Visitor: 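Attaching a single structure in structure tokens format; questions to follow.
Since this is a predicted model, take the numbers as computed values, not measurements. Atoms considered below: every heavy atom in the structure, side chains included; atoms not considered: hydrogens, waters and symmetry mates.
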Amino acid sequence: MGNTVKSKALIRIESLLDASSFVEIGAAVTARNTDFHLSQIDTPSDGVITGYGLMDGYLVYVYSQDVSVLGGSIGEMHAKKIVNLYDMAIKMGAPVIGLLDCAGIRLQEATDALHAFGKIYQRQAKASGVVPQITAIFGTCGGGLAVVPALTDFAFMEKQAKLFVNAPNALCGNRKEQCDTADVQFQSEETGMIDMIGEEGEIFSGIRQLLSMLPSNYEDEGKEIPCKDDLNRICQVSGNMSQLLTQIADRNFFMELKAMYGTDMIIGFLRLNGNTVGCIANGQQRISSHGAEKTARFIRFCDAFEIPILTLTDTEGFVAEKEEEKEIAKAAASMTRAFAEATVAKVSVITGKAFGSAYVAMNSKSLGADMVYAWPQAEIGMMQADMAAKIMYPGESAEVLKEKAQEYEELQSSVDSAARRGYVDTIIQPEDTRKYVIGAFEMLYTKKENGPAKKHSAF
């Protein structure tokens, strides 16, 4: 670039990538349009720096919007540079990282900009399931640009950034002061768009951690690293599910994603014997539509990139609330279908309650789990034994109900009963969970499974 002063966009790229590894592509490109005296305005790189570099020694493609050039607005050539970057990434099989800081579509270029911008959407859809896509939002990400992070696999957001399709004050009956729908808190807790929030440096660290866990493309076998941890290490099982996943993980590192959205479900990545595993666990004992929705999307990502899946199950059922009834069946169906269609290695550990259709939807044997383990205190069945007894024997005395509940637990809802029927492969001690799941994934390493020939699911 001609300017000796580095732009914020370039500084961000250099802060993200390995030192001195970035190579810029299309540095000489400027705006092509001359309408509305645009030719009289300096537009270096047309407001976006594009190129490639290394992250922990692996090839990645990066674009970073330059807010100092017409507010970082997207013009025709700006969009074409991003499209060109995607074409290269798809051919080379390397991840794409977008650093967004933009005022929106450039008004002076109108239809030319819109057409080129639509090509970004098209390339993102084409790249989905081929290479990982990550976006990080700095400054403003509004209007049609808000679709870009939604089309990527993972999105990070700076604490001061704004993300919206319609600005808060443009919403009927709303004011920014009463509900800032563009705020990072709203986007993290209410929409599920954002995987992680933080300051700029924290975001770059998070992206590097995440990409260190992921393969470069769908054919890549992943970035296996030396385990440097005891494969038979005893797990401390007290605490919540997130803490349990941390205990199971190599070197006690579990990277949770979308932690503020659908908190009844926990998703994220860890390593087992050096290999990346996608993890799903019940954060609360009832599954919400938001939790099921984020889980479904996570399963599809793992399956697309051949990342094995581990589930920890402890659920009484789905959330029973009027508002949830609007979405829960559809969201639960998405999660169920994602588990059923996933052909990667799938291991399930039932740690507590596993009741009703929620248990079935949580990577059960019937949905195709390859190995199912259960702790000795687990309960597996339609519902709790005392509730079942009350339904089956209405009007009976407390003594009779107690007797029937004990009988029901023994015959239908105990872990031993499920194991006798083949729905649980092995009953394990909680502290041995790590060594059993590592052993299962080692055994399943060469798994090959193909579903029926079809274009794609119809819903």
Side-chain angles (χ1 to χ4, degrees), residues 1-3 5-33 42-55 58-106 109 112-113 115-128 130-139 141 144-145 147-149 151-153 155-156 203-204 207-208 211 216-217:
M1 296 178 64
N3 195 341
V5 178
K6 291 183 180 180
S7 67
K8 182 66 174 176
L10 179 57
I11 292 172
R12 283 174 176 154
I13 291 177
E14 292 181 343
S15 299
L16 177 65
L17 300 183
D18 293 351
S20 303
S21 70
F22 179 63
V23 179
E24 188 171 357
I25 301 171
V29 172
T30 58
R32 185 178 70 89
N33 197 297
D42 189 24
T43 57
S45 298
D46 203 30
V48 63
I49 297 175
T50 58
Y52 63 92
L54 300 178
M55 185 174 291
Y58 291 91
L59 176 66
V60 295
Y61 289 86
V62 186
Y63 68 91
S64 180
Q65 294 177 317
D66 189 349
V67 74
S68 69
V69 179
L70 295 175
S73 60
I74 298 177
E76 175 194 16
M77 301 306 292
H78 179 128
K80 283 186 175 181
K81 288 178 67 176
I82 297 173
V83 168
N84 178 59
L85 198 75
Y86 262 95
D87 287 340
M88 295 185 71
I90 291 170
K91 286 186 288 187
M92 255 55 77
V96 179
I97 303 169
L99 308 180
L100 307 181
D101 191 352
C102 176
I105 300 291
R106 191 173 299 162
E109 301 189 36
D112 288 332
H115 176 78
F117 189 56
K119 290 295 184 181
I120 297 177
Y121 292 162
Q122 194 262 356
R123 291 308 194 280
Q124 285 187 277
K126 183 178 179 181
S128 180
V130 179
V131 296
Q133 301 177 65
I134 298 175
T135 48
I137 302 161
F138 308 94
C141 178
L145 188 65
V147 177
V148 169
L151 283 171
T152 59
D153 301 304
F156 294 72
I203 288 174
F204 293 153
I207 292 173
R208 293 180 71 92
L211 272 183
S216 292
N217 57 69

Visitor: State, yes or no, whether a side-chain contact exists between I82 and V48 at a heavy-atom distance under 4.5 Å.
Guide: yes
Visitor: Which atom names give the shortest non-hydrogen contact between G93 and N217, and what distance separates them?
Guide: O-ND2, 2.9 Å
Visitor: Are Y63 and I49 close enough that some pair of their side-chain heavy atoms sits under 4.5 Å apart?
Guide: no
Visitor: Could you walk me through whether F138 and I203 pass the side chain to side chain contact (heavy atoms under 4.5 Å, CB included) test, one step at a time?
Guide: CA-CA 10 Å; F138 308 94; I203 288 174; 4.1 Å; yes
Visitor: Nearest heavy-atom pair of I207 and A136: which atoms, and what distance?
Guide: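 That would be CD1-CB, 4.0 Å.
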Visitor: Specify the closest pair of heavy atoms between A79 and I74, including all atoms of both residues, with the distance to one decimal.
Guide: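 So the two residues come closest at CB-CG2, 4.0 Å.
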Visitor: Run the side chain to side chain contact (heavy atoms under 4.5 Å, CB included) test on Q65 and H78 for me, step by step, so that the C-alpha distance in whole Å, both residues' side-chain angles and the decisive distance to 0.1 Å come before the verdict.
Guide: CA-CA 9 Å; Q65 294 177 317; H78 179 128; 3.3 Å; yes
Visitor: Within a strict 4.5 Å, meaning less than it, do heavy atoms of the E76 and H115 side chains meet?
Guide: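 With C-beta onward as the side chain, the pair stays apart.
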Visitor: I'd like to know if the side chain of K81 and the backbone of G26 have a donor-acceptor N/O pair within less than 3.5 Å.
Guide: yes
Visitor: Could you tell me the separation between the CD1 atom of I97 and the CZ atom of R208, rounded to the nearest 0.5 Å?
Guide: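 If we round to the nearest 0.5 Å, I97:CD1 and R208:CZ are 9.0 Å apart.
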Visitor: Ignoring hydrogens and angles, tell me if any N or O in the side chain of S21 forms a donor-acceptor pair with the backbone of L54 under 3.5 Å.
Guide: yes
Visitor: Distance check, rounded to the nearest 0.5 Å: K8 atom NZ versus I13 atom CD1?
Guide: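 Rounded to the nearest 0.5 Å, the NZ-CD1 separation comes to 12.5 Å.
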Visitor: To the nearest 0.5 angstrom, please state how far the CD atom of E14 sits from the OG atom of S20.
Guide: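 Going from CD on E14 over to OG on S20, the span is 8.0 Å.
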Visitor: Is there a side-chain contact between Y58 and L211 (heavy atoms, below 4.5 Å)?
Guide: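 Answer no - side chains too far apart.
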Visitor: I'd like to check Y52 versus V62 (side-chain heavy atoms, cut-off strictly below 4.5 Å). Are they in contact?
Guide: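 They are not in side-chain contact.
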Visitor: Under 6.0 Å from the CZ atom of F22, do we count more than 12 heavy atoms belonging to anything else shown?
Guide: yes
Visitor: Return the CD1 to CG distance between I11 and L16, rounded to the nearest 0.5 Å.
Guide: 13.5 Å
Visitor: Ignoring hydrogens and angles, tell me if any N or O in the side chain of D66 forms a donor-acceptor pair with the backbone of G47 under 3.5 Å.
Guide: no
Visitor: Which atom pair, heavy atoms only, marks the closest approach of P149 to A155?
Guide: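 Shortest heavy-atom contact: CB-CB, 4.2 Å.
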Visitor: Give a yes or no answer on whether the side chain of Q133 reaches the backbone of Q124 with a donor-acceptor pair at less than 3.5 Å.
Guide: yes
Visitor: Can you tell me how far CZ of F204 sits from CE of M55, rounded to the nearest 0.5 angstrom?
Guide: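 CZ of F204 is found 9.0 Å from CE of M55.
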Visitor: Is the shortest distance from a Lys or Arg side-chain nitrogen in R12 or D101 to a carboxylate oxygen in the other one below 4.0 Å?
Guide: yes
Visitor: Between the side chain of T50 and the main-chain N/O of I25, is any donor-acceptor distance below 3.5 Å?
Guide: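 Yes, T50 side chain to I25 backbone: donor-acceptor pair under 3.5 Å.
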Visitor: Are a donor atom and an acceptor atom from the side chains of T152 and T135 found within less than 3.5 Å of each other?
Guide: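 A pair is found: one side chain offers a donor N or O, the other an acceptor, under 3.5 Å apart.
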Visitor: Atom CG of D112 and atom NZ of K80: how far apart are they, to the nearest 0.5 Å?
Guide: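 NZ of K80 is found 8.0 Å from CG of D112.
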Visitor: Looking only at heavy atoms, which two atoms of A89 and V96 are closest? And how far apart?
Guide: CB-CG2, 3.4 Å
Visitor: Starting from the C-alpha separation in whole Å, work towards a yes-or-no answer on side chain to side chain contact (heavy atoms under 4.5 Å, CB included) for V83 and Y121.
Guide: CA-CA 9 Å; V83 168; Y121 292 162; over 6 Å; no
Visitor: Decide yes or no for K119 and Y86: does some side-chain heavy atom of the first lie under 4.5 Å from some side-chain heavy atom of the second?
Guide: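 No; the side chains remain at least 4.5 Å from each other.
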Visitor: With heavy-atom distances below 4.5 Å as the criterion, would you say the side chains of C141 and C102 are in contact?
Guide: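 C141 does not reach C102 side chain to side chain.
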Visitor: Any side-chain heavy atom of F156 sitting closer than 4.5 Å to one from L100?
Guide: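 Not in contact.
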